[in-house]
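Reading through the structure tokens given below for one structure.
As a basis for the values below, the full set of heavy atoms in this structure was taken, side chains included, without hydrogen atoms, waters or symmetry mates. Letters A, B, ... are given to chains in the order of the sequence lines, protein chains preceding strands, and every chain is numbered from 1.
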Amino acid sequence: MLELRFIRENIDLVREKTAHRGLATDKVDEFASVDAKRLELLQEVESLKNQRNKASKEIAQLKQGSDEEKKQADTLIPEMRKASERIKGLDKELGDIQERLQELVLSIPNICSDDVPKGTDDEDNVEFKTWGEKPTFSFTPKTHWEVGEDLDILDFERAAKLSGARFALLKGFASKLERVLTNFMLDLHTERHGYEEVLPPFLVNSASMTATGQLPKFADDLFAIKDWDLYLIPTAEVPVTNIFRDETLDEDQLPIKYTAYTPCFRSEAGSYGRDTKGLIRQHQFDKVELVKFTTPETSTQELEDLLADAEEVLQLLGLHYRVVTLCSGDLGFSSTKTYDIEVWLPGQETYREISSCSNFLDFQARRGGIRYRPNGQKKSKLVHTINGSGLAVGRTLLAVLENYQQEDGTVAIPEVLQPYFEKRF
RNA sequence: GGAGGAGUGGCCGAGUGGCUUAAGGCGGCGGUCUUGAAAACCGUUGAACGGAAGUUCCGUGGGUUCAAAUCCUACCUCCUCCGCCA
């Protein structure tokens with residue numbers, strides 16, 4: 001969420017930036033009128049409350065004085081009764097307006113960074129860098145679902161029996177590879193990149209979903225638990241960012257760097273018909289997430305560093321990829337700038353997103369009340385939050401299946417993972 | 001799921017209707033003393049919004065009252081015990 005005063009004072013900029021994302025600007029327009037009404041009402045009700053507070057003290061004093069003074073209090077009380085009724089009425093009105101204003105503010109997206117290219121969809125994303133090269137094969141490489149089904153390690157039909165479309169059953173080598181990749185990523189980020197590992201709840205309440213921006217606008221993409229104020233997390237970003245919700249940190253603690261493995265659950269309500277084959281778009285998938293809490297001064301650099309941390313996973317696995325800067329129309333609601341890492345999939349002859357790294361500045365921190373106290377200063381400030389996948393495990397698995405497939409139908413094990421496959425018993 | 005208890009500032013904790021802009025302590029910060037430190041002593045120290053005046057905040061939401069941390073009510077969370085359970 002943006003600061004009220006910022007929107008008020010930069011209403012044209014907010015409208016323009018919202019339009020760049022391809023979003024409707026009617027909420028921005030409505031903000032202006034509701035906000036003005038709120039300020040007016042606030043002034044009125046606050047001055048009435050001031051009068052009431054003063055009179056209240058006066059009555060307290062008079063009540064303890066002489067009979068004469070007690071009488072004075074008795075004449076004052078009916079007056080205050082009227083004032084109180086008026087306050088109650090205005091407070092109710094103000095409450096309604098504030099609720100509406102809150103809805104509006106929560107539905108206004110973040111301001112995208114100046115270095116984000118303008119555009120309407122993923123066609124307009126700009127290539128930032130590439131690493132490695134497309135592998136060559138002496139045979140025609142299969143897609144990962146062909147590799148998986150031929151080896152009997154991916155079973156989509158039985159998964160459909162268990163749960164429906166967009167679920168997968170991993171068996172044998174695939175299920176172990178999934179687990180090994182998860183461990184490899186966590187080990188890398190904790191031992192080499194200085195992240196602390198956390199394992200959060202996979203169900204969170206609506207307050208947490210609101211702070212990170214999934215609610216109220218994107219409720220349709222979430223799985224909700226019937227009769228509970230609980231949702232299945234769509235990404236570890238939600239529970240991990242919310243760790244410090246409504247808390248004030250010390251500047252010396254920053255930056256705080258967490259990495260977390262969680263399964264992720266997405267209904268992807270609008271996605272039916274897209275990527276129906278294979279592991280690409282599932283209702284449940286594993287992900288290792290990277291989350292940082294930083295000062296405003298360092299967040300720009302910390303995003304670059306986080307991107308490098310995520311990239312290193314692919315580099316060590318020897319998987320060719322490119323990094324694109326998302327254009328304004330493809331940018332997530334809460335993000336000011338996002339890099340997507342796209343891995344090369346030879347079976348499908350295409351690049352597919354495998355990580356998304358974003359800087360939210362103070363947008364999530366303001367929604368969630370995540371603050372820090374700058375050294376030597378009395379006033380607290382909002383932290384900046386950054387996160388990215390490091391990486392999506394299921395997509396890493398399919399990238400390994402497609403890139404490491406052999407002519408005989410088997411799949412080679414990337415060198416860096418081989419220690420994880422040594423026999424233990 | 002059942003029974004009981006409890007939620008007050010960074011922490012502990014007093015406060016059962018009106019100078020509570022929340023006592024006291026711990027911790028933090030500054031100082032005196034000291035070669036330096038400790039101890040002792042003195043002072044200072046909640047948060048959000050606002051340019052300011054001011055408003056709001058004692059788990060949360062309603063209610064009673066001229067006035068609520070304090071009374072009523074619903075809910076939430078935590079603790080103890082019982083039940084169930086990996």
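No salt bridge links A:D96 with A:R100; every basic N to acidic carboxylate O contact stays at or beyond 4.0 Å.
Contact annotation for A:S380: backbone-only contact, meaning every heavy-atom pair under 4.0 Å involves sugar-phosphate atoms and none involves a base. Residue A:R366 is out of contact with every strand shown, counting any heavy-atom pair closer than 4.0 Å.
If you check B:C66, B:C49, B:G50 against the side chain of A:K379, the one that comes closest is B:C49. Out of B:G18, B:U55, B:C66, the shortest distance to the side chain of A:R81 is found at B:C66.
When Watson-Crick and G-U wobble pairs are counted only if both distances are under 3.5 Å, B:A23 pairs with no nucleotide at all. The partner of B:A74 is B:U60, by the rule that a Watson-Crick or G-U pair needs both atom distances under 3.5 Å. Pairing for B:U32 is with B:A40, a Watson-Crick or G-U wobble pair whose two hydrogen-bonding atom distances lie under 3.5 Å. Across every strand in view, B:G4 sits in a pair with B:C79 that passes the Watson-Crick or G-U test at under 3.5 angstrom. The partner of B:A86 is absent, by the rule that a Watson-Crick or G-U pair needs both atom distances under 3.5 Å.
With rounding to whole Å, A:E251 atom CD is found 20 Å from B:G28 atom P.
Across all non-hydrogen atoms, the minimal contact from A:G213 to A:F333 is O-CD2, 4.5 Å.
Between A:N242 atom CG and A:Q364 atom CD the span is 8.5 Å, to the nearest 0.5 Å.
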